There are 2 protein chains.
Amino acid sequence: MEIDPQDFAEPLRAGLAALAADMAVHGTRRDDPTREVMAMLGDRWTMLILQVLAIGTWRHAELRRALSRLSSEKAIAQKVLTMKLRALERDGFVTRHVTGDVPPRVSYELTGMGCQLAEEGRRMIDWVNARGATIEEARRTFDRAED
Amino acid sequence: MEIDPQDFAEPLRAGLAALAADMAVHGTRRDDPTREVMAMLGDRWTMLILQVLAIGTWRHAELRRALSRLSSEKAIAQKVLTMKLRALERDGFVTRHVTGDVPPRVSYELTGMGCQLAEEGRRMIDWVNARGATIEEARRTFDRAED
DNA sequence: CAGCATCCTCGGCGATACTG
DNA sequence: CAGTATCGCCGAGGATGCTG
């Protein structure tokens with residue numbers, strides 16, 4: 001990570017160098033945990049899944065129904081729920097318990113780190129919710145100005 | 001948002017009802033500010049753009065170069081940068097100043113709300129960075145267990 | 001009941017060329 | 001220099017059917 005002096009005017013140059021240093025320049029690495037986690041939280045279901053899992057331990061089908069209740073859109077596809085849960089499990093945010101073979105009986109719950117992530121997510125939800133009206137007003141103004 | 005009593009066992013039912021209530025069930029509405037903002041932060045560039053804009057005021061081309069420096073991947077496409085900035089402007093996180101017609105001279109800076117968003121984003125970055133090693137270790141363990 | 005395989009749709013993102 | 005228009009790729013995610 002080199003900052004070429006001539007490309008930027010002070011004081012931006014110094015700020016940029018500092019940012020580069022203390023962001024550890026994970027920046028936009030494909031497999032960077034920061035980007036991966038943010039991408040997960042920003043996708044269609046993961047944030048909601050985390051909030052529901054924060055309530056307790058769920059079986060797959062129940063969790064799926066719970067999500068349907070919370071969503072004003074269509075239910076999550078079974079495959080997708082499995083996919084999202086697996087991704088969360090892989091990163092150590094969720095544990096998966098199997099208790100029964102046929103029929104399978106699988107349950108999911110948050111790990112300690114998963115609880116923390118759910119809380120962080122909740123912070124973001126609350127922050128945006130608190131500004132939701134402001135944002136929607138800004139959008140209306142912007143859209144109107146565009147004709 | 002109705003929670004059907006027979007679909008869920010206590011105490012999950014109660015928790016779900018409570019969550020439904022105080023999340024205001026923006027849940028997964030397509031144009032819900034919460035989901036839109038989270039999706040923005042989770043996309044490939046917006047988080048990085050916010051962190052760079054937190055440094056100061058940038059012209060388009062300089063901002064673009066700054067992002068290239070911070071990213072280990074290819075530079076952001078001009079069109080994409082314009083798109084991302086416009087989205088941020090629309091929601092009231094960024095202001096756009098035009099000072100000159102030909103050649104155009106355009107600069108961008110964060111609004112007050114934009115600064116707050118950048119800080120919230122920074123919290124998330126720091127949180128994940130602090131756990132990056134744990135997460136990557138969890139991934140290795142998981143991947144190894146899968147054969 | 002949970003998961004996997006398959007197929008398909010759609011939107012994010014990039015590359016390039018062009019305007020004022 | 002900033003923005004727009006056009007085109008194309010690719011992967012997330014949804015629908016369906018099958019297995020143990």
Side-chain angles (χ1 to χ4, degrees), chain A residues 7-9 28 30-31 35-49 57-68 71 73-90 94-109 146-147, chain B residues 7-9 28 30-31 35-49 57-68 71 73-90 94-109 146-147:
Chain A
D7 281 358
F8 306 98
T28 50
R30 268 278 176 239
D31 62 336
R35 266 178 50 71
E36 298 240 322
V37 171
M38 288 308 301
M40 287 178 63
L41 293 180
D43 75 14
R44 180 159 178 185
W45 292 108
T46 302
M47 177 70 89
L48 205 52
I49 292 172
T57 301
W58 298 80
R59 306 229 351 258
H60 182 104
E62 289 175 327
L63 176 55
R64 202 164 157 239
R65 255 177 284 133
L67 290 166
S68 305
S71 168
E73 300 174 62
K74 277 178 289 189
I76 185 172
Q78 201 187 36
K79 186 190 81 171
V80 178
L81 179 53
T82 299
M83 215 180 356
K84 298 302 176 190
L85 286 167
R86 177 151 319 206
L88 288 167
E89 189 193 358
R90 188 172 108 97
V94 159
T95 51
R96 178 174 178 273
H97 305 279
V98 184
T99 66
D101 193 18
V102 50
R105 200 173 174 84
V106 185
S107 59
Y108 296 90
E109 68 180 326
E146 290 223 306
D147 310 337
Chain B
D7 281 358
F8 307 99
T28 50
R30 267 277 178 240
D31 62 336
R35 267 179 50 71
E36 298 240 322
V37 171
M38 289 308 302
M40 288 178 63
L41 293 180
D43 75 15
R44 179 158 177 184
W45 293 107
T46 302
M47 177 68 88
L48 204 53
I49 292 173
T57 300
W58 298 80
R59 305 221 2 251
H60 183 104
E62 289 174 328
L63 177 54
R64 202 164 156 240
R65 255 176 284 131
L67 291 166
S68 305
S71 168
E73 300 175 61
K74 276 178 289 191
I76 185 172
Q78 202 187 37
K79 187 190 80 170
V80 176
L81 180 53
T82 300
M83 216 183 352
K84 298 301 176 190
L85 287 167
R86 179 151 317 208
L88 288 167
E89 188 193 0
R90 189 172 108 96
V94 160
T95 52
R96 178 174 177 273
H97 306 278
V98 183
T99 67
D101 193 16
V102 48
R105 199 171 175 84
V106 185
S107 59
Y108 296 90
E109 67 180 325
E146 291 224 305
D147 309 337

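Order of the sequence lines fixes the chain letters, A, B, ..., with proteins taken first and strands second; residue numbering starts at 1 for each chain. What you are looking at is a predicted structure, and each value in this text was computed from that prediction instead of being measured.
The 5' end of DNA chain D is approached more closely, in terms of each residue's nearest nucleotide, by S107(B) than by the other of A77(A) and S107(B). Nearer the 5' end of DNA chain C, as judged by each residue's closest nucleotide, is the contact made by L85(A), out of L85(A) and P104(B).
For H60(A), the listed nucleotide lying nearest its side chain is dG3(C); candidates were dA2(D), dG3(C), dC1(C). When each of dA15(D), dT4(D), dC1(C) is scored by its nearest atom to the side-chain atoms of K74(A), the top-ranked nucleotide is dA15(D).
H60(B) and Q78(B) share no donor-acceptor pair across their side chains, judged by distance under 3.5 Å alone.
Taking 4.0 angstrom as the limit, R86(B) places a side-chain polar atom (N or O) nearer than this to OP1 or OP2 of dT4(D). The side chain of T82(B) places no N or O atom within less than 4.0 Å of a non-bridging phosphate oxygen (OP1 or OP2) of dA2(D). For the OP1/OP2 pair of dG3(C) and a distance below 4.0 Å, the side-chain nitrogens and oxygens of R105(A) include no atom meeting the criterion. Checking the phosphate oxygens (OP1, OP2) of dG3(D), no side-chain nitrogen or oxygen of R64(B) falls inside 4.0 Å. Phosphate contact (OP1/OP2 of dG3(C), side-chain N/O of Y108(A), threshold under 4.0 Å): present.
Scanning both residues, W58(A) and A66(A), for their nearest heavy atoms gives CZ3-CB, 3.6 Å. Minimum interatomic distance between T57(A) and E109(A) (heavy atoms only, all atoms of both residues): OG1-OE1, 3.2 Å.
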I49(B) and V94(B): side chain to side chain contact (heavy atoms under 4.5 Å, CB included), yes or no, with the steps? CA-CA 11 Å; I49(B) 292 173; V94(B) 160; over 6 Å; no
Yes or no on side chain to side chain contact (heavy atoms under 4.5 Å, CB included) for E62(A) and R65(A), after CA distance, side-chain angles and deciding distance? CA-CA 5 Å; E62(A) 289 175 327; R65(A) 255 177 284 133; 4.1 Å; yes
Going through the distances and angles, do L85(B) and L63(B) end up as a side chain to side chain contact (heavy atoms under 4.5 Å, CB included)? CA-CA 11 Å; L85(B) 287 167; L63(B) 177 54; 4.0 Å; yes
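Taking atom CD on Q78(A) and atom P on dG14(D), their separation rounds to 13 Å, with Å as the unit. Across the protein-nucleic acid pair, L67(B) atom CG and dG14(C) atom C1' stand 15 Å apart, rounded to whole Å. The distance between atom CD of E62(B) and atom C1' of dC1(D), rounded to the nearest whole Å, is 11 Å. One interatomic measurement links the two molecules: CD1 of I76(B) to C1' of dA2(D), which rounds to 14 Å at whole-angstrom precision. Regarding L81(B), its CG atom lies at a distance of 14 Å from the P atom of dA15(C), rounded to whole Å.
R35(B) places a side-chain N or O within 3.5 Å of a backbone atom of R44(A) that can act as its donor or acceptor partner.
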Using a cut-off of under 3.5 Å, enumerate the N/O to N/O pairs linking the protein to nucleotides 9-13 of chain D.
residue: dG13(D); atom: OP2; partner: K84(A); partner atom: NZ; Å: 2.1

